[in-house]
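The basis for the numbers below is simple: all heavy atoms, side chains too, and nothing from hydrogens, waters or symmetry mates. The shown structure was predicted, so the numbers you read here are calculated from the model rather than taken from an experiment.
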Amino acid sequence: MTKPQPKDASALKGKTGLRRLINATRYSAQGFKAAWKTEDAFRQESVLAVILIPVAVLLPVSLVYKLLLIGSIILVLIVEVLNSAIEAVVDRFGGEIHPLSGKAKDLGSAAVLLALTLALITWVSILADAFL
């Protein structure tokens, strides 16, 4: 059962200590749920993470290499979530076509592409170093 949403954002401010931590955890879970339900790219990248993270753990490479492999995948998920947030905010403020709206969405998409490129370069470099 979900709690009713407050009428305005001021009701969410000023929480401290354990209550703040509980709220933050709940909001994060809601964010993951929303990303999974509404974002195809997030689902695809999450499936990729579920496959590649265990592969990284099992590879016969150093701990530093494992962390780089895993970190590059997690970075893709982080950037995808931020891109989805940007898109949601842009969409919230109107459906009309505006150059700044397009620019914001394009920049978010470019950030995802950069994160994916970094992950690919990281994986190829480490695998090449380990096996070639």
Side-chain angles (χ1 to χ4, degrees):
M1 178 181 265
T2 58
K3 292 174 67 174
Q5 290 292 327
K7 294 186 192 243
D8 65 34
S10 65
L12 304 174
K13 304 291 182 195
K15 306 294 186 207
T16 61
L18 186 58
R19 173 53 45 202
R20 183 193 160 288
L21 181 60
I22 291 168
N23 287 350
T25 302
R26 188 177 71 237
Y27 301 145
S28 296
Q30 290 171 352
F32 282 120
K33 183 178 178 182
W36 183 263
K37 284 176 67 174
T38 64
E39 301 297 328
D40 290 337
F42 180 80
R43 283 194 301 274
Q44 293 164 355
E45 292 155 356
S46 294
V47 168
L48 191 64
V50 166
I51 295 166
L52 291 180
I53 290 174
V55 168
V57 169
L58 297 173
L59 282 173
V61 297
S62 72
L63 178 60
V64 172
Y65 276 1
K66 289 177 192 285
L67 291 173
L68 288 169
L69 293 170
I70 293 167
S72 69
I73 298 301
I74 292 173
L75 180 64
V76 169
L77 294 174
I78 292 168
V79 175
E80 186 63 55
V81 167
L82 292 172
N83 179 47
S84 297
I86 290 167
E87 290 179 352
V89 169
V90 168
D91 291 346
R92 158 71 171 85
F93 285 102
E96 76 278 354
I97 296 174
H98 190 280
L100 291 176
S101 297
K103 180 179 179 180
K105 288 186 172 192
D106 291 347
L107 289 169
S109 180
V112 173
L113 179 61
L114 289 170
L116 285 166
T117 302
L118 176 63
L120 179 63
I121 291 169
T122 301
W123 276 79
V124 169
S125 300
I126 290 173
L127 292 175
D129 184 58
F131 297 109
L132 296 181

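- To the nearest 0.5 Å, atoms CG (Leu107) and CG (Leu100) are separated by 10.0 Å.
- Within a 6.0 Å radius of CD1 in Ile97, no more than 12 heavy atoms belonging to other residues, nucleotides or ligands are found.
- Linking Ile, Leu, Val, Met, Phe, Trp and Tyr residues whenever their side-chain heavy atoms come within less than 4.5 Å leaves Trp36 and Val50 in two separate clusters.
- The salt bridge (charged side-chain N to carboxylate O under 4.0 Å, His left out) pairs that include a residue from residues 105-127 are Asp91-Lys105, where partners are two or more places apart or lie in different chains.
- Applying the side chain to side chain contact (heavy atoms under 4.5 Å, CB included) test to Phe131 and every residue at least two apart in sequence or in another chain returns Leu59, Pro60, Leu127.
- Side-chain heavy atoms closer than 4.5 Å link hydrophobic residues (I, L, V, M, F, W, Y) into clusters, and following such links, possibly through other members, connects Val57 to Leu52.
- Using cut-offs of 30° and 60° on the angle between ring planes, the pair Phe42 and Phe32 is tilted.
- Put simply, CG on Asn83 and CD on Glu80 are 5.5 Å apart, with the number rounded to the nearest 0.5 Å.
- Qualifying side chain to side chain contact (heavy atoms under 4.5 Å, CB included) partners for Thr117, counting only residues two or more places apart in sequence or in other chains: Leu113, Ile121.
- Here the closest heavy-atom approach between residue Ala115 and residue Val76 is recorded as O-CG2, 3.5 Å.
- A distance-only check finds a donor-acceptor pair linking the side chain of Thr25 to the backbone of Leu21 [under 3.5 Å].
- No path of Ile, Leu, Val, Met, Phe, Trp and Tyr side chains, each step under 4.5 Å between heavy atoms, connects Ile74 with Leu118, placing them in separate hydrophobic clusters.
- The two residues Ala49 and Ile73 come nearest to each other via the heavy atoms CB-CG2, 3.4 Å.
- In the hydrophobic clustering of this structure, Trp123 does not group with Leu116; members are Ile, Leu, Val, Met, Phe, Trp, Tyr whose side-chain heavy atoms approach within less than 4.5 Å, directly or through other members.
- The OG atom of Ser101 sits 12.0 Å away from the NZ atom of Lys103 when rounded to the nearest 0.5 Å.
- Within the structure, side-chain hydrogen bond (donor to acceptor under 3.5 Å, both in side chains) pairs that include any residue of residues 55-67 comprise Tyr65-Asp129 (at least two apart or interchain).
- Residue Leu67 is found in a hydrophobic cluster whose other members, listed by chain and number, are Leu63; membership requires side-chain heavy atoms under 4.5 Å apart, directly or through intermediates.
- Residues Ile78 and Ile70 fall within the same hydrophobic cluster, defined by Ile, Leu, Val, Met, Phe, Trp and Tyr side chains chained together at heavy-atom separations under 4.5 Å.
- Other residues sharing a hydrophobic cluster with Val124 under the 4.5 Å side-chain heavy-atom criterion for ILVMFWY residues are Leu120.
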